[in-house]
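As structure tokens, the structure follows; a few thoughts come after it.
We count residues from 1, following the sequence as given.
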Amino acid sequence: MEKNLKQELRMIVAELIEIDDFQDDEDFIVDLGLDSMMSIEIVAQIEQKYKIDISEEYLGQFQTLNDVESIVRHLIEEQRQSVSAGSGVE
């Protein structure tokens, strides 16, 4: 899953903004014309797909696909560590 994380995130974003061809470092708002409602939809789909909670503190950091991948990867890892700590598995 992690190997394809960026590609999966790209598909989520592309489907919502209806633009298939964009660069990993293009700014969602400036370059791709995302508005706040689209951003909320993207976050909601990511939360649902990866079963993570994305707090408001991260929303302002969702500026490029690279940013989204970095944050989602961090949250997935954080969740795994939390589950491992809770189950006693190390």
Among [options], the one residue meeting side-chain contact (heavy atoms from CB on, under 4.5 Å) with [X]:
X: E77; options: Q81, H74, R73; value: Q81
X: F62; options: D67, V43, L34, V13; value: V43
X: N66; options: D25, I71, L9; value: D25

Whether S84 side chain and R80 backbone form a donor-acceptor pair below 3.5 Å:
yes
Is there a donor-acceptor contact under 3.5 Å from the side chain of E69 to the main chain of L5?
no
Out of curiosity, does Y58 fall in the hydrophobic cluster containing I40 (side-chain heavy atoms, cut-off under 4.5 Å, transitive links)?
no
Treat each ILVMFWY residue as a node, draw an edge where side-chain heavy atoms are under 4.5 Å apart, and state whether M11 and V68 are in one component.
no
Apply the test side chain to side chain contact (heavy atoms under 4.5 Å, CB included) to residues L16 and M38: give CA-CA distance (whole Å), side-chain angles for both, the deciding distance (0.1 Å), then the verdict.
CA-CA 7 Å; L16 286 170; M38 288 176 169; 5.6 Å; no
To check you understand the geometry: which heavy-atom pair defines the closest contact between [X] and [Y], and what is its length?
X: A14; Y: D20; value: CB-OD1, 3.9 Å
X: V72; Y: I52; value: CG1-CD1, 4.1 Å
X: E26; Y: Q23; value: OE1-N, 2.6 Å
X: F22; Y: L32; value: CB-CD2, 3.7 Å

Side-chain donor-acceptor pair present, E8, Y50, cut-off under 3.5 Å:
yes
If you draw a 6.0 Å radius around CD in E57, do more than 12 non-hydrogen atoms from other residues or ligands fall strictly inside?
yes
Rounded to the nearest 0.5 Å, the NZ atom of K51 sits from the CD1 atom of I76 at a distance of 11.5 Å
How many angstroms lie between atom CG of D53 and atom CG of L75, to the nearest 0.5 angstrom?
9.0 Å
